[in-house]
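Have a look at the structure below, then the notes.
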Amino acid sequence: MTEKALQVRSEVPEQMKWDITAIYKTRAEFDAAVEGTKAAVEEFVHKYEGQLTVAETIIAAIKEYEELMQTQVWLNYYAYLPVSADISDPKNMELYRWIGNLGAEWSAQLSFFDAELVESDAAVLEQVAAEAPQYAIFIEKVKDQKQIQLAPTVEKALAQLQPALSAPQSIFEQIRSSDMDFGTFTVEGKDYPLSFVLYEDYYMYHPNTAIRRAAFEQFSTVLGKYQNTMAETYYTQLQKEKTVATMRGFESIFDYLLYNQNVDKELYNRQIDVIMKDLAPVMQKYITHVKEENGLDKMTYADIKIDLDHEFAPTVTVEESKNLVQKAISVLGQDYTNLVMRAYPERWVDFAQNKGKRSGAFCATVYGVHPYVLMSWTDQLSDVYTLLHELGHAGQGILSSENNSILSARMSLYLIEAPSTFNELLLTDSLKKDSEDPRMERFALTRMISKTYFHNYITHLLEAAYQREVYKLIDAGQGFDAAKLSELKRAVLEQFWGDAVEINEGAELTWMRQIHYYMGLYSYTYSAGLTIATQAFLRVKEEGQSAVADWLKFLTLGGQLKPVEAAKVAGVDITTSKPLDDTIQYLNDSVDRIIALTKEMN
Ligand SMILES: [Zn+2]
């Protein structure tokens, strides 16, 4: 990323953009699929509504339902990917809205399917699982649903209301991507353009302290102007979640949100509590070292993402990234490597930086096609981390899709960040191995702390710790305003960073920056996934091939097992705090090694 104004999407060269023609070759093909789906949904309803009473019919219906789901996934992504790459193009938004509304209508028409299955006799469902074992996992989930399913008419109404119920998230995204005008800021007479993405992807890491702090100040000032609208939007989201939780019979919103993850509260709370307490001193030690090495007067919240050694920051082009990616993942074997490297020639990745593009990165696996990755390539080595992270999701997405029905291919959210962060650890390891130079070793270790763990164990975990306090309010029947959210966020930041970081004005508005808050209890899962990834990675280092085989097996599981059992397949026991303790110990050792390397170099 540079300080130049961003180009518009139409100026971006083809090879920097993803190729959505793998989903539908042309818009005409897409339109035909829409028409086909309209008819197919109606036929499905006509054929099966009120008929799902015997195993034979149910099995036939599930087969057709799978196909309907696959087409809907394709239609959705064909509309969603363009809008995430350029929200400023009204044609993209129009298409996305159209498909969103159609999808809601189809879901409402098809809602009888889940409802009738859930109402079915347990014996009939067992017969289905026995006769069609490929659906056993799906049937298991249907049985679980029995406890929380509402009357069919209510389920149908909820499905119809879906676009309205998901409005808070899209309103948040509109405020952040379209409405907020960050203008420019001035340092020593020079003007710098600012945007949300420019701040988060570029200025936050800027080596020049004056520029970095001025950017933060301007960024915070603009955020502040929108805080009341944002707080109200967020409150609407939480009211909705609490209402649905209550309707479905949950006393606590936590139990409702964790129910879908198959995780109990103990696992969830332990993740937050242990990291807040035991990782904090390790990170305070690290950040103080960063401050000293950079000769800063103080470490403020605007400075926490800077590099220890910014002069040693190799640039990497997309082309050059191929080699780094391939080397890093080669430890997982030829098959896995070949699979993931398809990302380049098949253009799974949108590397472009353009106006209207969503900030951050994501991977969307389009079942039956291939995964798509969105990111903004800035020619820095940290981009390779982002790319490998997303390709970790991609590898898991493909392996799970190939080995599971579309109805049960999805991993629990608790596990979702394990494959991605595992690949980041591989990259660090590969960079370390590549050089005997202490500066390079320190660089790789620092990258691991400042990228992999900072992001997953700190940024997102601190979101989770804050989010837990907000949900407690909601559970207690209390509301909140922007000032309350800022107060909660500030308290969490101060608790974690202690005296090592000055939580300067504007830091408390960090609650306005994350879309995760609109996705239930998502933020904490980054650290949960990385805990599993770290344990599995340490196993691969120690045990080699057998641990690699376990990991590859883990990647194929999809939604087959609950998190505790799935982690066991990767050789990790998450029923105790041992994986967390080991991970924090590993980080502590790494920080000590970094400090020792600094001494050696000086
Ligand atoms: Zn991820």
Side-chain angles (χ1 to χ4, degrees), residues 18 77 80-81 84 169 173 197 200-201 261 263 271 275 305 321 325 328-329 332 336 340 343 348-351 357-366 370-377 382-401 409-428 447-464 467 513-537 551 554-555 557-559 563 566-567 570 583:
W18 51 30
Y77 280 118
Y80 176 68
L81 295 175
S84 59
Q169 180 172 346
E173 197 53 66
V197 178
E200 292 220 323
D201 291 352
Q261 296 178 17
V263 166
Q271 198 68 30
I275 293 178
K305 291 285 175 92
S321 73
V325 169
I329 58 176
L332 292 179
Y336 180 86
V340 168
W348 297 357
V349 186
D350 204 86
F351 294 107
K357 185 162 175 174
R358 225 191 87 143
S359 70
F362 69 72
C363 172
T365 295
V366 182
H370 63 60
Y372 284 89
V373 170
L374 175 137
M375 63 176 297
S376 295
W377 194 266
S382 63
D383 295 331
V384 186
Y385 275 86
T386 305
L387 178 61
L388 255 175
H389 175 108
E390 299 308 334
L391 291 177
H393 287 306
Q396 184 269 330
I398 286 211
L399 290 170
S400 286
S401 300
R410 199 178 265 272
M411 252 185 174
S412 162
L413 210 50
Y414 188 88
L415 302 168
I416 213 87
E417 294 301 337
S420 49
T421 51
F422 182 90
N423 279 9
E424 291 191 37
L425 294 175
L426 293 183
L427 178 60
T428 296
R447 276 283 126 184
M448 178 181 83
I449 305 273
S450 69
K451 184 80 186 149
T452 308
Y453 287 92
F454 212 119
H455 188 68
N456 300 288
Y457 250 61
I458 300 159
T459 307
H460 292 329
L461 197 279
L462 296 181
E463 285 164 25
Q467 198 187 21
R513 291 164 55 176
Q514 250 314 333
I515 194 137
H516 292 161
Y517 303 132
Y518 297 84
M519 302 173 176
L521 297 179
Y522 180 44
S523 300
Y524 92 100
T525 64
Y526 279 83
S527 70
L530 181 53
T531 306
I532 294 168
T534 307
Q535 281 291 86
F537 166 75
W551 185 250
F554 171 77
L555 296 181
L557 290 176
T583 302

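Here the structure is a predicted model, which is why all the values come from computation and not from measurement. First listed ligand is number 1; within each ligand, the first listed atom is number 1. One is the number of the first residue; the rest follow in order along the sequence.
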- Looking at residues at least two apart in the chain, or sitting in another chain, which of them share a salt bridge (charged side-chain N to carboxylate O under 4.0 Å, His left out) with Arg358?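 If we apply the salt bridge (charged side-chain N to carboxylate O under 4.0 Å, His left out) test to Arg358, skipping adjacent residues, there are no hits.
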- Report yes or no: do Gln271 and Thr531 form a side-chain donor-acceptor pair below 3.5 Å?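 The answer is yes; a qualifying pair exists.
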- Any salt bridge between Glu424 and Lys451, counting N to O under 4.0 Å?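 No salt bridge links Glu424 with Lys451.
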- Query: Quick one: ring pair (Phe, Tyr, Trp, His ring centres under 6.0 Å) partners of Tyr336, sequence neighbours excluded?
  - Reply: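 Tyr336 satisfies ring pair (Phe, Tyr, Trp, His ring centres under 6.0 Å) with no other residue.
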- For Tyr453, all residues meeting ring pair (Phe, Tyr, Trp, His ring centres under 6.0 Å), sequence neighbours excluded: Tyr457
- Between His455 and His460, what is the ring plane arrangement, given parallel below 30°, perpendicular above 60°, and tilted in between?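 If you compare the ring of His455 with that of His460, the planes turn out perpendicular.
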- Query: With a cut-off of 2.8 Å, which protein N/O/S atoms are close to the Zn ion (ligand 1), if we only count those under it?
  - Reply: His389 NE2, His393 NE2, Glu417 OE1, Glu417 OE2
